[in-house]
2 protein chains.
Amino acid sequence: MAKETIAGLAKRLGISKASVSYALNGQPGVSELTRRRVLDLAEELEWYPSSSARALSRSRAGAVGMVLSADPLLIGTEPYYMAMLAGIETALAEGDMALMLRMVGKDPAQERATYERWAGERKVDGVLVFDHLHDDPRPALLERLGMPFVLHGAPESAAPAVFSGTTTDHAGEAATIVDHLHDRGHRRIAHVSGPHTFLHEEERIRGVAACAAGHGIEVVPFEADYALKAGHDAVVALLQAPGDRPTAMIFGNDLMSMGGLLALRELGLRCPGDVAIVSWDDSLHCQLASPAVTALSRNPGMQGRVAAELLLALLDAGTIQTRPIPVSELVVRASTAPAWDALGAVDAGQVPAGGISPLL
Amino acid sequence: MAKETIAGLAKRLGISKASVSYALNGQPGVSELTRRRVLDLAEELEWYPSSSARALSRSRAGAVGMVLSADPLLIGTEPYYMAMLAGIETALAEGDMALMLRMVGKDPAQERATYERWAGERKVDGVLVFDHLHDDPRPALLERLGMPFVLHGAPESAAPAVFSGTTTDHAGEAATIVDHLHDRGHRRIAHVSGPHTFLHEEERIRGVAACAAGHGIEVVPFEADYALKAGHDAVVALLQAPGDRPTAMIFGNDLMSMGGLLALRELGLRCPGDVAIVSWDDSLHCQLASPAVTALSRNPGMQGRVAAELLLALLDAGTIQTRPIPVSELVVRASTAPAWDALGAVDAGQVPAGGISPLL
DNA sequence: CTGAAAGCGCTTACAG
DNA sequence: CTGAAAGCGCTTACAG
């Protein structure tokens with residue numbers, strides 16, 4: 001069977017190609033009767049218009065691109081990405097847009113080359129950009145390429161009105177975490193962040209410092225790189241440093257939190273007895289750890305959905321807008337249990353009463 | 001600046017569109033000098049041929065599709081998928097093919113509808129199909145749609161020569177696991193598998209049974225659904241059942257293994273002292289657990305790469321072939337430590353000496 | 001080796 | 001409301 005085309009349908013129905021097209025696209029110019037006949041025939045034949053022909057004549061690819069630029073190892077172990085992808089794809093599908101995914105290592109040149117090529121080939125109609133960097137070159141590049149984009153996770157303060165993006169209240173998140181640690185009696189804490197090149201890490205650091213200052217809490221900052229090992233090494237370094245040691249530590253993601261926990265065990269320290277832990281990102285890892293780790297639940301699926309919806313609005317209506325990501329919620333677990341509660345859980349690996357069921 | 005086209009380049013160079021096209025595509029029909037001039041100009045202008053125009057005239061989309069059909073929750077927490085995606089995308093990019101990703105829930109109708117639409121719209125040139133089912137309707141559907149595909153993970157026994165696919169030696173994997181447990185002295189084991197609708201689970205069950213029979217080991221089969229809770233509940237059910245209880249358990253994936261571990265803790269049982277555990281899938285969860293869980297390392301990234309390469313070969317040359325996935329390796333950890341080694345690690349949560357460093 | 005022309009399968013003014 | 005025609009930007013026989 002030869003592939004059906006719009007011309008074939010037209011001939012079968014004894015009408016013109018134009019009428020078929022109008023009928024298919026819900027445009028005026030055809031009678032209701034004709035429209036129904038076209039639609040019925042298309043369904044009967046299981047026929048769909050060719051996407052490339054459509055793309056060519058409409059000058060619209062019908063797809064949105066996304067470059068995941070991170071250490072493949074990190075991407076594979078960070079549940080964050082997959083959950084966000086799911087949110088993005090679901091929202092795009094509802095808007096009848098396909099998702100084109102490209103994974104490159106932590107190589108800015110490749111990400112840049114991908115955008116240039118996509119723009120040149122008009123392969124995608126827009127892109128989703130993540131992990132806003134300090135002095136991020138990507139907005140300017142995309143602007144120059146004429147490629148619509150949405151920047152996810154810009155700080156509220158730095159939200160420029162010239163392009164679409166989501167914003168996160170990093171200071172608010174920081175306050176949630178620091179307030180909690182203050183409540184638990186901590187007066188000296190360490191903050192193991194991700195690389196300072198990420199704008200959101202700068203904002204978090206600022207937020208933690210500000211809130212801690214208000215409480216009279218001392219903060220020891222420590223820059224790391226989101227890897228498990230980095231969390232481990234940070235703890236070792238922090239605890240070997242001269243001076244009072246911190247009684248609590250904030251880690252920039254779940255992987256580093258796990259590394260930190262491992263280090264504490266190695267050093268024979270108890271969590272939360274000797275050092276409490278908070279993760280700036282929740283995941284199954286935090287839930288399964290012993291002790292389970294208190295974490296900021298950022299709902300990556302919903303974040304992806306919001307970003308995707310902004311891009312759809314930009315492409316459909318040219319609407320440039322900024323939308324705040326709903327505030328994250330702190331899920332309190334055993335790793336920051338108050339001393340008296342923690343008695344039964346200080347030994348890493350002991351499960352505090354009631355610490356399991358919420359998972360199942 | 002108006003968008004450049006091939007006609008524009010031709011005019012600038014004073015040659016015909018055809019020559020530009022030949023030069024661009026490395027085809028004969030142009031002098032080396034002309035070819036160079038074309039390529040140089042394209043690079044200077046940062047110009048790329050329109051993908052939709054190309055797709056239309058070549059009748060080739062330049063993209064490959066993949067539909068991830070699983071519980072979003074599972075997908076988000078199963079590192080397996082992301083790692084495989086990375087392998088797939090990398091291989092496709094090398095073959096100059098884009099990856100179109102669609103995520104639908106565990107809904108066969110949606111997966112089917114996606115294939116029908118992709119085929120009708122000629123949106124992708126081929127698809128990658130995963131999780132071979134018992135009486136899987138997808139091969140026949142794709143065949144009918146004329147959509148090239150590669151089926152990943154068919155059992156070696158059931159590898160039909162009519163379409164491309166990768167095969168896994170499930171029986172071999174089963175033997176690796178069962179042999180190991182036999183070595184450790186286990187004579188009664190439970191096998192908590194995924195749903196029997198998956199062909200690979202049937203094969204695993206058969207393989208475990210066969211190998212166990214050879215060793216005189218008794219196997220208690222138990223069907224579950226890959227979720228954390230399922231692993232937990234399986235353990236509870238298995239240990240409450242009358243008769244001798246198993247001294248070791250095999251879980252179909254890492255999530256169920258974690259659930260199983262939680263259940264053991266709840267029940268006050270020791271691992272591996274009372275019950276040893278093996279996971280039929282490795283991941284960071286297995287590595288971080290206490291005790292760390294012995295697991296079959298299946299290298300999802302490489303599996304994705306192999307499947308993608310088969311699809312590229314099929315699309316480029318029409319080559320239908322079957323390729324075996326290299327055998328998986330068993331990573332032995334504390335959860336199956338021999339009794340004497342395990343003395344220091346029986347208490348879930350205690351870290352066996354040397355159990356941490358390999359991670360970091 | 002090069003040029004003029006048809007074709008890929010749609011969409012969209014423009015007349016009727 | 002309908003039809004004939006041009007156009008989207010490439011590729012590819014077919015003559016020269």
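Within every chain, numbering begins at 1; the chains are lettered A, B, ... in the order of the sequence lines, protein sequences first and strands thereafter. Keep in mind that the numbers below use all heavy atoms, side chains included, and drop hydrogens, waters and symmetry copies.
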Evaluation steps, side chain to side chain contact (heavy atoms under 4.5 Å, CB included), between I15(B) and V20(B): CA-CA 8 Å; I15(B) 59 179; V20(B) 176; 3.9 Å; yes

Whichever of S19(B) and R58(A) has its nearest DNA chain D nucleotide further upstream toward 5': R58(A)

Identified side-chain hydrogen bond (donor to acceptor under 3.5 Å, both in side chains) partner of T166(B) from the options Q321(B), H152(B), R323(B): H152(B)

Dot-bracket encoding per residue of DNA chain C, Watson-Crick/G-U cut-off under 3.5 Å, | denoting interstrand: |||.||||||||.|||

Distance-only polar pair, side chains of H134(A) and T197(A), donor-acceptor under 3.5 Å: no

Most 5' of A53(A) and V30(B) on DNA chain C, judged by nearest nucleotide: V30(B)

Position toward the 5' end of DNA chain C (nearest nucleotide), A7(A) or E32(B): E32(B)

First-last contacting nucleotides on DNA chain D - partner chain A, under 4.0 angstrom, heavy atom: dC1(D) to dG9(D)

Please determine whether a side-chain nitrogen of the Lys or Arg among [X] and [Y] lies less than 4.0 Å from a carboxylate oxygen of the Asp or Glu.
X       : Y       : answer
E111(A) : R102(A) : no
R12(B)  : E44(B)  : no
E116(B) : R112(B) : yes
D125(A) : R58(A)  : no

Sugar-phosphate only, base, or nothing, as touched by S52(B) at under 4.0 Å among non-hydrogen atoms: nothing

Sugar-phosphate only, base, or nothing, as touched by S21(B) at under 4.0 Å among non-hydrogen atoms: base

Side chain to side chain donor-acceptor pair (under 3.5 Å) assessment of N25(A) paired with R54(A): CA-CA 11 Å; N25(A) 295 305; R54(A) 210 170 220 183; 2.5 Å; yes

